[in-house]
Amino acid sequence: MRLSQLLVPTLREIPAEAEIPSHILMLKAALMRKLASGVYIYLPLGQRILRKVEQIVREEMDRAGSQEVLMAALIPAELLKESGRWDVFGPEMFKLKDRNERDFCLGPTHEEVFTDLIRNEVKSYRQLPLILYQIQTKFRDERRPRFGVMRSREFIMKDAYSFDVDWEGLDKSFNKMYEAYCRIFDRCGLKYLVVEADSGAMGGKDSKEFMVISSIGEAAIAYCDNCGYAANEEKAECLINQEIVEEMLPKEKVYTPNVRTIEELVNFLGITPNKFVKTLIYKGKDNVVAALVRGDRDLNETKLLNILGIREEELELADASIVEKVTGAKVGFAGPIGLKGEVIIIVDNEIPEMRNFIVGANETDYHIKNVNYGRDFKADVVADIKNVIEGDKCPRCGSPLKIDRGIEVGHIFKLGTKYSDALGAKYVDEGGNEKPIIMGCYGIGINRTVAAIIEQHHDEKGIIWPMSVAPYHVIIVPVNVSNEAQNRVAEDIYAVLQKEGIEVLIDDRDLRAGVKFNDADLLGIPIRITVGKKVDDGIVEIKLREKEEAEEVKISDVVEKVKNIIKEKM
RNA sequence: CGGGAUGUAGCGCAGUUGGUAGCGCACGUGCUUUGGGAGCAUGGGGUCGGGGGUUCAAGUCCCUCCAUCCCGACCA
């Protein structure tokens, strides 16, 4: 392709709307433009990159025995109503009506559509197992689209669904997908962690997320360098990390006027936050919950939800009136001793190991010192309800955990019979018995994967594409197009490389060399062939985007050399 | 949905106490130049986000709506 004819309007200045590298570079390098908040259009180079990633995904899905299909983006309401998700999704779903006032939505995900296909077409165990996938546009009306393509309202997703006769079959399908995902992200040149995630109230188990480590990631991950354990912050278990050293002291009420927060207590009493225990009052589905964690810890609401067995929207922090009612004091003095009414007390498992800590007195302006679990109060449940922090012990091997942020590019999990039960997807087994089909689902965000690749592969000049996803492998830059000899050599190399089937660009624009070099760097084409003054000596340069120095090569050797580099780096 | 900010040429921005709307880049033309974002000359391009109001006069002040971005909440 000739750069003079390609639509690549690169930007010289950083667009005001972008803040993170991948967003800035996708706009600067003219891969895409914004159409509306969270809605992007792709220019020729951007489209080629999407295609490259999709192609890798196709090859690996096919290799794993999955079959490609294409569902509809426009989905009739009845299907979502059957599974109950028409209301669950709420405003996040783009809903619309047809001319006859029938309800539709733009598919935010496709479990129901796939399940519907299977319940209609699969009747016997002889037709199973089956893994189907599609690459298709999804629509989610996110409350806050972010960071360009990282969290957008319209995006391309590869979603796969497995259908098996039993759980052992599901395990096999799940493992196939797991391996396929590893191969996909390896081929994309990504460094990633496979992380245990919480499948929450959605049911299912063995939920794993593929996270690309990046400071701009939206999720925190706890991981262990020693044994390889990695989990989503919400999911990561905390081991008890304390040794009892002190003797119990007699408890004692202390006057703490207007001292409510941990920070104020630390200042007032001059004691470190880990000597306090904070009591958080929540309003659950049908009762009030008091959750206790150490003063320097954060409560993990996901863990709390799982213990209570309720859904996210059923739990909220109690308002002042409820707090005052159950504690008999103003907000800021809640404690576990002497709570009024039916209050479920859930205590973090670290607390029974603490000695002589400080809690609220359930009396305005007072706290209690030297409180001890067991002697002074008891809980309904003792469990891990806190967030991990850097340095906590790995639940598997005990080494200190590290915490980083990650971009979720893939998510796989075992659905079981959630959708097959809801929609009645059954098969008949060998014995003639009707049974529900066991399902799994597996997603990859294609655009987000592209953005994640850029986050991990760029420098101050621009993108540095891995060969596998580069929009073109080679860019030929004649330094001066008005120089007859340079032009001729560049065109010759271009013609040969094209004939060899190599994806090659030639920058035939009548621009100064500096502009062309800067554009080539910005676009991130892995191999640059510079055709300059030395053509008269039969020499051109090969420069790799990832390296500083160029290498001089004989014109007669260029093509062979380039072919070898590509082969080596694919 | 709460908090913060922004909206002026394709892009990045300036515009003072209200008084003829500007700069750089980009774009067109001509000449010179040509190994890391050239120089000179010349030309074109604006509902100043929309609507309403105050005023002799509004990019500027007031009201309102919209859009976009950031932080948070939320996110099968």
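All heavy atoms count here, side chains included; hydrogens, waters and symmetry mates do not. Every chain is numbered from 1 and lettered A, B, ... according to where its sequence line falls, protein lines coming before strand lines.
- Rounded to whole angstrom, the span from the CZ atom of A:R146 across to the C1' atom of B:C1 amounts to 16 Å.
- At least one donor-acceptor pair closer than 3.5 Å links the side chain of A:Q134 to the backbone N or O of A:M71.
- Going from the P atom of B:G44 to that of B:U29 covers 15 Å, rounded to whole Å.
- Atom name P, nucleotides B:U68 and B:U32: the rounded distance is 49 Å, in whole Å.
- With a cut-off of 3.5 Å on both pairing distances, the Watson-Crick or G-U wobble partner of B:G10 is B:C25.
- In this structure, of B:C69, B:C71, B:G35, it is B:C71 that holds the atom nearest to the side chain of A:F147.
- In this structure, A:F413 and A:H411 have tilted ring planes: the angle between them lies in the 30° to 60° band.
- Checked by atom type and distance alone, the side chain of A:K138 never pairs as donor or acceptor with a backbone atom of A:G107 at under 3.5 Å.
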Just the atom pairs and distances: protein N or O near nucleotides 4-7 of chain B's N or O, under 3.5 Å.
none

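- The side chain of A:N518 sits closest to B:G36 out of B:G36, B:C70, B:A76.
- Between A:Y178 and A:F210, a ring centre-to-centre spacing shorter than 6.0 Å is recorded.
- A:Q136 is listed as a side-chain neighbour of A:H110, based on a closest heavy-atom distance under 4.5 Å.
- Listed for the A:D116 side chain is no donor-acceptor partner under 3.5 Å among the backbone atoms of A:R119.
- Base-pair partner of B:C74: not found among the strands shown (Watson-Crick or G-U wobble, both distances under 3.5 Å).
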Check: protein-nucleotides 23-27 of chain B nitrogen or oxygen pairs below 3.5 Å:
residue, atom, partner, partner atom, Å
B:G24, N2, A:E13, OE2, 3.0

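- If you check every strand for non-hydrogen atoms under 4.0 Å, A:N483 touches nothing.
- To the nearest whole angstrom, the two C1' atoms, one in B:A26 and one in B:C66, are 29 Å apart.
- Computed from coordinates, the A:E484 CD to B:U34 P distance equals 17 Å when rounded to whole Å.
- Separating the CG atom of A:D519 from the C1' atom of B:G37 is a distance of 9 Å, rounded to the nearest angstrom.
- The base-pairing partner of B:U54, taking Watson-Crick or G-U wobble contacts with both distances under 3.5 Å, does not exist among the strands shown.
- Using a 4.0 Å heavy-atom criterion, one finds that A:E111 contacts no nucleic acid atom at all.
- One interatomic measurement links the two molecules: NZ of A:K533 to C1' of B:G35, which rounds to 6 Å at whole-angstrom precision.
- Checking B:G35, B:G36, B:U34 against every side-chain atom of A:R528, the shortest atom distance belongs to B:G36.
- Salt bridge status for A:E551 with A:K561: present, with a side-chain N to carboxylate O gap under 4.0 Å.
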Check residues 23-33 of chain A and write down every donor-acceptor pair under 3.5 Å in which the side-chain atom is one partner and the other belongs to a residue at least two apart or another chain.
residue, atom, partner, partner atom, Å
A:H23, ND1, A:G148, N, 3.4
A:H23, NE2, A:Y40, OH, 3.4
A:R33, NH1, A:L27, O, 2.7
A:R33, NH2, A:P9, O, 2.7

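- Position along RNA chain B of the nearest nucleotide to A:E541 versus A:E301 favours A:E541 as the more 5'-ward residue.
- Going from atom CD1 of A:I216 over to atom P of B:C71 covers 10 Å, rounded to whole Å.
- In this structure, A:K543 contributes its side chain and A:P526 its backbone to no donor-acceptor pair below 3.5 Å.
- Atoms CZ (A:R153) and C1' (B:A67) sit 11 Å apart, rounded to a whole Å.
- Atom CD1 of A:I412 is separated from atom C1' of B:A76 by 16 Å (rounded to the nearest Å).
- Of the candidate nucleotides B:G36, B:C75, B:A76, B:A76 has the atom lying nearest to any side-chain atom of A:M157.
- If you check distances only, the side chain of A:R151 does reach the base of B:C75 with a donor-acceptor pair under 3.5 Å.
- Judged purely by atom type and a 3.5 angstrom limit, A:R448 uses its side chain to pair as donor or acceptor with the backbone of A:E408.
- A salt bridge is defined here as a Lys NZ or Arg NE, NH1 or NH2 lying under 4.0 Å from an Asp or Glu carboxylate O, and A:R151 with A:E218 meets this definition.
- Contact between the side-chain N/O atoms of A:S37 and the OP1/OP2 oxygens of B:A67 is not found at any separation under 4.0 Å.
- Under a 4.0 Å N-O distance rule, the pair A:K414/A:D171 qualifies as a salt bridge.
- Taking only side-chain nitrogens and oxygens, A:R144 comes nearer than 4.0 Å to OP1 or OP2 of B:C70.
- Closest contact between the side chain of A:A16 and the listed nucleotides B:G12, B:G35, B:U34 involves B:G12.
- A:P15 comes within 4.0 angstrom of the backbone, heavy atoms only, and of no base.
- One can place CG of A:L35 at 13 Å from C1' of B:A67, the figure rounded to the nearest angstrom.
- Ranking B:G12, B:A76, B:A73 by closeness to the A:R143 side chain, first place goes to B:A73.
- In this structure, B:U47 forms no base pair with any nucleotide, since neither Watson-Crick nor G-U wobble geometry is met with both distances under 3.5 Å.
- In this model, no side-chain donor or acceptor of A:N480 finds a partner on the base of B:G35 within 3.5 Å.
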